[in-house]
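What follows is a single structure, written as structure tokens, with notes after it.
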Protein chains: 2
Amino acid sequence: MSRPITIRQIAKKANVSIGTVSHVINETANVREKLRIRVLDAIRSLGYQPSQLARGLRRNQTSMLVMMIPDVTNPFFPAVIRGVEDVAFQYKYRLVLCNSDNDHRKESLYLNEMQSYRPAGWLVIPSVDSDMATHFSAKTSGPPVVCLDRQAQGWNGDVVLVANEAGAYSATRHLLRMGHRQLAVITGPLHLENAVERLNGFKRALSEANVPIDANYIQEGRFERSSGHVAAKRLLCMLPRPTAIFACNDLMALGALLAAREVGLHCPDEISIVGFDNLDFAEFTAPPLTTVHQPGYQLGATAARLLADRIVGSREAPQRIVLPTELRMRNSVAPPSG
Amino acid sequence: MSRPITIRQIAKKANVSIGTVSHVINETANVREKLRIRVLDAIRSLGYQPSQLARGLRRNQTSMLVMMIPDVTNPFFPAVIRGVEDVAFQYKYRLVLCNSDNDHRKESLYLNEMQSYRPAGWLVIPSVDSDMATHFSAKTSGPPVVCLDRQAQGWNGDVVLVANEAGAYSATRHLLRMGHRQLAVITGPLHLENAVERLNGFKRALSEANVPIDANYIQEGRFERSSGHVAAKRLLCMLPRPTAIFACNDLMALGALLAAREVGLHCPDEISIVGFDNLDFAEFTAPPLTTVHQPGYQLGATAARLLADRIVGSREAPQRIVLPTELRMRNSVAPPSG
DNA sequence: CATCTGGATTGAAACGTTTTATAATTCCTC
DNA sequence: GAGGAATTATAAAACGTTTCAATCCAGATG
């Protein structure tokens with residue numbers, strides 16, 4: 001097993017010291033043009049690549065960014081990842097991806113362990129009940145961290161979010177404007193910040209319109225299709241039956257769509273449904289889903305950009321960036337039939 | 001900036017040499033129970049984590065797996081990633097994710113650069129025109145590589161695939177059995193191995209049934225929704241019009257569904273459509289899409305398992321594993337109307 | 001010509017591990 | 001209790017960089 005080329009071989013070939021080679025690579029000192037060229041030639045001709053491990057060990061920091069994510073399989077996240085990856089690549093950082101599985105124990109494990117790779121920074125979409133706040137606050141020094149998409153319990157560092165409350169508000173307003181008065185909501189897990197924000201938007205719209213809120217019409221789901229399905233089924237059997245359902249994400253909206261179909265209720269004529277996320281498929285459900293668009297790619301990209309700034313030393317006060325959402329009207333809502 | 005705990009501090013606290021500490025950590029030599037406990041206690045009480053960088057440097061290998069992927073944003077891949085991640089985690093490997101963007105230049109760049117992190121192994125879904133074969137064959141030694149999902153040009157190492165030909169064949173058979181004789185196909189980019197395999201399955205079914213193949217009915221797409229859309233539009237304007245379309249992935253099938261809707265053709269009554277992939281949303285299109293299921297999670301998991309075997313030294317001949325596909329019948333196909 | 005100056009170059013230490021060769025200890029056996 | 005054989009423990013070298021202090025050198029200055 002032939003070991004790769006080292007800086008020493010370059011130094012020998014270019015007839016300089018290894019310090020000089022290092023200096024030309026990192027542009028960390030002036031070196032005479034003549035030598036510089038000799039070194040560069042040697043590097044090119046031998047196909048040398050500095051060992052990131054040695055470099056990382058010495059500098060106590062690598063060029064990796066580690067990103068914690070609840071689950072790649074959740075169709076909202078890939079766009080976020082892509083946003084991160086694109087700007088990371090541009091800044092020459094590399095992405096290590098960890099799935100916490102929404103389990104804060106697995107998250108902790110990853111957080112602890114990846115530390116010993118000395119990443120340049122952290123990007124974390126906190127899991128349910130994440131202890132990232134205590135994890136990172138313990139070590140006041142250490143690489144910068146930005147929290148994405150969900151505000152973790154107790155976290156007061158940088159965070160970039162999406163306008164959950166406002167999005168939910170506008171979705172609900174839309175329903176109200178169409179004449180609905182019996183509005184139900186299928187929320188996300190209510191220990192998730194963004195889930196409660198969406199619920200709050202819903203409630204605010206209702207109370208501003210003086211429409212009473214029926215506690216039975218608030219069903220807690222888990223942001224998964226199946227939970228939307230069961231919640232909708234429950235809702236659709238109630239008397240009086242709600243005329244519209246706001247599902248706090250598209251997956252659950254899909255479940256609701258299914259449930260309506262099973263119960264024999266036609267959407268949107270007999271039941272209006274609106275979602276949240278605007279996943280790719282939302283255009284193609286039957287009927288096409290009216291939903292609140294979340295800028296996933298932007299979310300990832302701005303978080304990564306913010307992180308990159310921190311890494312090079314930005315010392316501003318912690319930021320809280322919230323990206324706008326936008327209602328996308330399609331065909332899953334209509335005026336109530338009655 | 002307080003540096004983290006090192007092995008030296010553990011050694012001091014436990015009053016042993018650093019070599020001993022290393023041995024208890026790695027179980028690489030017998031150490032007396034008494035000392036062992038002292039060391040373990042010290043580790044626990046100081047919260048020590050060995051530096052992966054130092055370890056990797058010394059051993060010339062880390063516990064990272066790097067995975068190349070054309071694009072996270074393609075909804076087929078997350079399941080594959082998840083499969084990989086789950087078994088990687090189980091084997092204590094960590095995943096570095098790289099998006100080649102389907103650009104073999106970006107892929108090469110990543111391949112070259114990640115090398116200097118000394119990953120334990122590589123998992124690659126080759127980009128279009130990938131030169132992974134030449135890249136890796138140059139260095140006969142080095143960490144093991146397994147190729148996923150697509151057979152890269154010239155690659156003759158381990159590879160795990162999906163039964164593309166058979167899947168396409170069974171989809172086409174289904175169409176034939178329903179009575180269709182004017183069958184069109186929207187293929188993937190034909191320099192992709194899996195795209196031609198699917199086309200071959202289609203052709204074989206037709207020729208076995210003695211149904212002639214109209215060259216105009218073979219349209220090349222790019223595995224993206226938009227290309228399926230334009231191809232379908234073209235197809236639906238032809239005379240005679242095909243009565244069924246086999247789209248070689250679900251994204252393109254979706255595009256075709258859209259095109260049909262735009263042209264005013266009802267699916268399945270006036271045009272049958274079948275896809276390939278069985279993405280999550282396939283159940284929920286209008287009408288629900290009949291499609292060929294690909295075991296994405298399995299694909300990732302078995303590839304990772306194979307890689308893990310190689311890493312610990314399995315020296316068997318290169319394997320070629322092909323995972324079965326399966327037709328999922330839903331409502332986007334019906335007998336032809338004429 | 002000697003001295004000084006300041007930039008270019010270098011040697012060597014350090015980063016935190018693993019691992020090998022050697023030294024120290026323990027345990028038998030006589 | 002001595003001698004030798006196992007067994008355990010250790011010191012030191014290596015992994016491939018970066019970086020600091022020290023050296024070197026060319027040219028300017030007196």
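It should be emphasised that the depicted structure is a prediction, and the values quoted were computed from it without experimental measurement. Chain identifiers are assigned alphabetically (A, B, ...) following the order of the sequence lines, protein sequences preceding nucleic acid strands; residue numbering begins at 1 within each chain. What's counted below: heavy atoms across the whole structure, side chains too, no hydrogens, waters or symmetry copies.
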Notebook entry, point to check: Does any N or O in the side chain of Asp158(B) come within less than 3.5 Å of the main-chain N or O of Val146(B), such that one atom is a donor and the other an acceptor?
Noted result: no
Note to self: Any residue in residues 47-56 of chain B with a heavy atom nearer than 4.0 angstrom to DNA chain C? Just list them by number, or reply none.
What the structure shows: Tyr48(B), Gln49(B), Pro50(B), Ser51(B), Ala54(B), Arg55(B)
Next item on the list: Return yes when atom CD of Glu33(B) has more than 12 non-hydrogen atoms of other residues, nucleotides or ligands closer than 6.0 Å, and no otherwise.
Entry: yes
Margin query: Can you measure Lys34(A) atom NZ to dT9(C) atom P for me and round it to whole angstrom units?
Written below: 10 Å
Check: Starting at CZ of Arg118(A) and ending at P of dA14(C), how long is that distance when rounded to a whole Å?
Finding: 19 Å
Margin query: Please report the distance, rounded to the nearest Å, between CD in Glu33(A) and C1' in dT9(C).
Written below: 16 Å
Note to self: Is it the case that over 12 heavy atoms from other parts of the model lie below 6.0 angstrom from the CZ atom of Arg36(A)?
What the structure shows: no
Notebook entry, point to check: Looking at Arg305(A) and Asp309(A), does any basic side-chain N land under 4.0 Å from a carboxylate oxygen?
Noted result: no
Next item on the list: May I ask you to say whether Asp41(A) pairs ionically with Arg44(A), meaning some side-chain N is under 4.0 Å from a carboxylate O?
Entry: yes
Next item on the list: For the pair Arg105(A) and Asp129(A), find out whether any cationic side-chain nitrogen is under 4.0 Å from an anionic carboxylate oxygen.
Entry: no
Scan nucleotides 5-13 of chain D against the protein and return all N/O pairs shorter than 3.5 Å with their distances rounded to 0.1 Å.
residue: dT8(D); atom: OP2; partner: Asn30(B); partner atom: ND2; Å: 3.0
residue: dA9(D); atom: OP1; partner: Arg32(B); partner atom: NE; Å: 3.1
residue: dA9(D); atom: OP1; partner: Arg32(B); partner atom: NH2; Å: 3.2
residue: dA9(D); atom: OP2; partner: Arg32(B); partner atom: N; Å: 2.9
residue: dT10(D); atom: OP2; partner: Ser17(B); partner atom: N; Å: 2.9
residue: dT10(D); atom: OP2; partner: Ser17(B); partner atom: OG; Å: 3.3
residue: dT10(D); atom: OP2; partner: Thr20(B); partner atom: OG1; Å: 2.7

Check: Taking atom C1' of dT10(C) as reference, at what distance in whole Å does atom CD1 of Ile7(A) sit?
Finding: 13 Å
Which donor-acceptor pairs under 3.5 Å do side chains of residues 312-323 of chain A form with protein atoms, sequence neighbours excluded?
residue: Ser314(A); atom: OG; partner: Arg310(A); partner atom: NH1; Å: 3.2
residue: Glu316(A); atom: OE1; partner: Gln319(A); partner atom: NE2; Å: 3.4

Note to self: Please report the distance, rounded to the nearest Å, between CZ in Arg59(A) and P in dG16(C).
What the structure shows: 16 Å
Item checked: Gap between atoms CD and C1', on Gln61(A) and dT18(D) respectively (whole Å) -> 13 Å
Note to self: Below the 4.0 Å mark, does dT18(D) have OP1 or OP2 next to a side-chain nitrogen or oxygen of Ser22(A)?
What the structure shows: yes
Margin query: Looking at Asp101(B) and Asp103(B), would you say the former's side chain and the latter's main chain have a donor-acceptor pair under 3.5 Å?
Written below: no
Notebook entry, point to check: Separation of Arg36(A) atom CZ from dT10(C) atom P, in whole Å?
Noted result: 16 Å
Check: Are side-chain N/O atoms of Gln49(A) and Ser116(B) paired as donor and acceptor at under 3.5 Å?
Finding: no
Notebook entry, point to check: In whole angstrom, what separates Ile43(A)'s CD1 from dT17(D)'s P?
Noted result: 10 Å
